[in-house]
Amino acid sequence: MRFSLLITLVTFSFLSCQTVSKAQKSVNATAKKSNSALIKNQPVTKQPASNPALAQKTIYEELTGQKGLSAKQAPARILELARDAKWKRDYITALKRYNTIIVKYPKSKEVRQAYLDKASLYKEMGLLEQSKYNMQKAKK
């Protein structure tokens, strides 16, 4: 009697596990199909490459979340944000913002100050080679 009960329990648990796994497979297949349909229907946003002034505005908006700042004011504001991050000891954010000024606004007057601030930041972090490199770039 006990043996037949044991066999019945084992058989029942084995069959129920197979039913659950089949149901999960069908749910996973349905989810994959619906996700691929959603991805195909999403709009694609592109950066305005034809007008650099518009591209610079979108960079500032991306960094700050604010709209309406002219392309001439953006480097100064980004420099302020970088210094604020440095003061809060958020070194990664500060370096990213200094690099944004250097790469996106290479002709602005804030580039030299960004290199100097980067050099002092690297010195504070104990990275003397990078500090010297940025000092040399600031002198050019």
Side-chain angles (χ1 to χ4, degrees):
M1 171 94 173
R2 288 184 184 176
F3 183 70
S4 63
L5 182 60
L6 180 65
I7 291 177
T8 306
L9 287 173
V10 170
T11 307
F12 178 73
S13 63
F14 179 72
L15 291 175
S16 65
C17 289
Q18 285 184 345
T19 306
V20 170
S21 66
K22 286 180 183 178
Q24 286 178 342
K25 286 180 184 178
S26 65
V27 169
N28 287 340
T30 307
K32 285 181 184 178
K33 287 179 185 176
S34 64
N35 284 342
S36 64
L38 290 174
I39 291 171
K40 288 178 185 176
N41 293 334
Q42 288 185 354
V44 177
T45 57
K46 295 182 179 179
Q47 289 287 339
S50 61
N51 189 347
L54 290 176
Q56 289 175 349
K57 282 185 181 180
T58 57
I59 292 168
Y60 175 76
E61 290 173 13
E62 181 181 324
L63 289 172
T64 63
Q66 297 176 358
K67 294 183 179 182
L69 194 68
S70 73
K72 292 182 180 180
Q73 296 171 332
R77 182 67 180 129
I78 294 170
L79 185 64
E80 288 177 26
L81 293 170
R83 287 178 174 165
D84 185 50
K86 180 183 172 187
W87 182 77
K88 292 178 181 176
R89 295 187 185 263
D90 185 3
Y91 297 136
I92 294 171
T93 303
L95 287 172
K96 285 181 181 180
R97 290 183 177 164
Y98 289 132
N99 288 334
T100 300
I101 294 169
I102 293 165
V103 171
K104 300 294 181 181
Y105 305 99
K107 295 183 180 181
S108 70
K109 62 182 180 180
E110 285 82 6
V111 171
R112 183 175 184 277
Q113 194 60 47
Y115 275 122
L116 291 171
D117 287 358
K118 253 178 86 172
S120 70
L121 179 67
Y122 278 130
K123 188 174 184 179
E124 187 176 321
M125 292 170 63
L127 302 169
L128 299 178
E129 263 186 57
Q130 289 87 343
S131 177
K132 288 179 185 177
Y133 174 79
N134 282 288
M135 283 298 256
Q136 290 172 352
K137 294 293 262 184
K139 289 179 183 178
K140 291 182 181 181

side-chain contact (heavy atoms from CB on, under 4.5 Å) between R83 and Y98, worked out: CA-CA 9 Å; R83 287 178 174 165; Y98 289 132; 3.7 Å; yes
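- The shortest heavy-atom contact between L116 and A138 is CD2-CB, 3.6 Å.
- Between K132 and E129 there is no salt bridge, since no side-chain nitrogen of the basic residue lies less than 4.0 Å from a carboxylate oxygen of the acidic one.
- Summarising the geometry, atom NZ belonging to K96 is positioned 14.0 Å from atom CG belonging to L81; distances are rounded to the nearest 0.5 Å.
- Between atom CZ of residue R97 and atom CG of residue D84 there is a gap of 8.0 Å, rounded to the nearest 0.5 Å.
- The same ILVMFWY cluster, assembled from side-chain heavy atoms under 4.5 Å apart, contains both L127 and Y115.
- Here K123 contributes atom NZ and Q130 contributes atom CD; the two are 14.0 Å apart, rounded to the nearest 0.5 Å.
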Check against side-chain contact (heavy atoms from CB on, under 4.5 Å), I102 and K118: CA-CA 11 Å; I102 293 165; K118 253 178 86 172; 3.9 Å; yes
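- Pairing each heavy atom of A85 with each of A94, the nearest pair is CB-N, 3.8 Å.
- The two residues I101 and S108 come nearest to each other via the heavy atoms CG2-OG, 4.4 Å.
- Atom CG of N134 is separated from atom CG of L121 by 9.5 Å, given to the nearest 0.5 angstrom.
- Residue E110 holds its CD atom at 10.0 Å from OH of Y105, rounded to the nearest 0.5 Å.
- Put simply, CG on D117 and CG on L95 are 10.5 Å apart, with the number rounded to the nearest 0.5 Å.
- S120 and K86 form a side-chain donor-acceptor contact under 3.5 Å, judged by distance and modelled atom types alone.
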